[in-house]
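Below is one structure, written out as structure tokens; comments come after it.
Just so you know, residue 1 is the first one in the sequence shown, and it goes up from there. Whatever order the structure lists them in is the order used to number ligands and atoms, beginning at 1. Bear in mind the structure is a predicted one, so any value in this text is a computation, not a measurement.
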Amino acid sequence: MNEIQILVDEALKEIDSAKDSNTLNNIRVKYLGKKGLITSLMKKLKDLPQEERPKFGAMVNEAKDTVTQKINEKLKELSEKEKKQKYEKLAVDISLPGARRDIGHLHILTQIQRELEDIFISMGFEVVEGPEVEDTWHNFDALNTPDWHPARDVQDSFYFTDKILLRTHTSPVQIRTMLQRKPPLAIISPGRVFRRDYDSTHLPMFTQMEVLFVDKNVTIKHLKYTLEEMAKRIFGEGSKVRLRPSFFPFTEPSYEVDVLFGDTWLEILGAGMVDPNVFKNVGYDPNEWSGFAFGLGLERIAMVKFGIKDIRDFIRNDIKFLENY
Ligand code: DAH
């Protein structure tokens, strides 16, 4: 009987120190299995005197119950712990930074273009497009640009033939639109233009936007108001514009337009009142109709607005540059 108690004590100690359910199973087999230490005690029953047998049997059964119960308790505890460990291993740590997915954004020139389109659409202008491959009549002659003008020189433009070239500005869209429609009209035309230039402020391909407004009794005041409105919305509420006399063959009078940036005036575009000869070329009566026009370079606007120093940055595809805008 002493032996039973010793076995039970030993079993309980082993159960206590078991670290996992596998060990616990081995303990169960060791003590309670068919040939287990406690199970085997029953075999000693027949060697005992008759009167001691019931007591001994009861003690062995009690020992079995004690050990079984202890094993079950421990098993419950361990399997809960193991389950927890397993889930902890599987769990996603939401405090870790996730794998970042870089999504791109519109190129700065596309952003500027859309910004300008929004501004002019809100003032009632309509967006129209023209071809990048032009003929010299639309690109020059109809715009009152004489033969001697340097822009017509092969040194300055890309010609396919004597009469077909890559347009050097978006102004021919003025001509195409006026030939197709009757006045009044208010249009803008963004697009690519091409010149034989390449340095930190010139690209062989760049982007312009043409603005044309034709109606009765249009004056410089309308032009100036439109420029100021545009400047306010691109460069900020307090921005100022200045018109400087200049020359373009297709406007009379003509202006260079500057915006005030800090304490310096920066040139942003060319403008003017549509030349009567241009109206004649498209069949509008210059005594009846008047208008203003201007043309701006989108790269130029972006360079002024953001202080970009080299126009070539727009086409370098340098992500470090592009990410800034
Ligand atoms: N087409 C001119 C250029 O590319 C810009 C320009 C100046 C457009 C005056 C205009 C204008 O419509 O009125 O340099």
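Which parts of ligand 1 touch Ser171 is read off a 4.0 Å heavy-atom cut-off, strictly below it: atoms 1 (N), 8 (C). Within ligand 1, counting atoms from 1 as listed, the ones closer than 4.0 Å to a heavy atom of Glu210 are 8 (C), 10 (C), 12 (O).
Of the heavy atoms in Phe294, only backbone atoms (N, CA, C, O) come closer than 4.0 Å to ligand 1. Here Met209 has no heavy atoms under 4.0 Å from ligand 1, in either its backbone or its side chain.
Ring geometry for Phe125 versus Phe292: interplanar angle of 30 to 60°, hence tilted.
By the 4.0 Å heavy-atom criterion, Glu256 is excluded from the residues contacting ligand 1. For the ligand labelled ligand 1, residue Phe292 lies outside the 4.0 Å heavy-atom shell.
At least one N or O atom of Ala293 sits closer than 3.5 Å to an N or O atom of ligand 1. In terms of N/O distances under 3.5 Å, ligand 1 is not approached by Thr168.
Remark: Arg316 engages Asp310 in a salt bridge, criterion side-chain N to carboxylate O under 4.0 Å. Ion pairing between Arg244 and Glu256 fails under the 4.0 Å rule for side-chain N and carboxylate O.
Looking only at distances, no side-chain donor or acceptor of Asp156 sits under 3.5 Å from a matching main-chain atom of Arg152.
Separation of the Phe235 and Phe261 ring centroids falls under the 6.0 Å cut-off. A centroid separation of 6.0 Å or more is found between the aromatic rings of Phe194 and His169.
Which of Tyr255, Phe206, Phe247, Phe250 comes nearest to atom 6 (C) of ligand 1 through a heavy atom is settled by distance: it is Phe250.
What sits closest to atom 3 (C) of ligand 1 on the protein, heavy atoms only, is Arg195 NH2, 3.5 Å.
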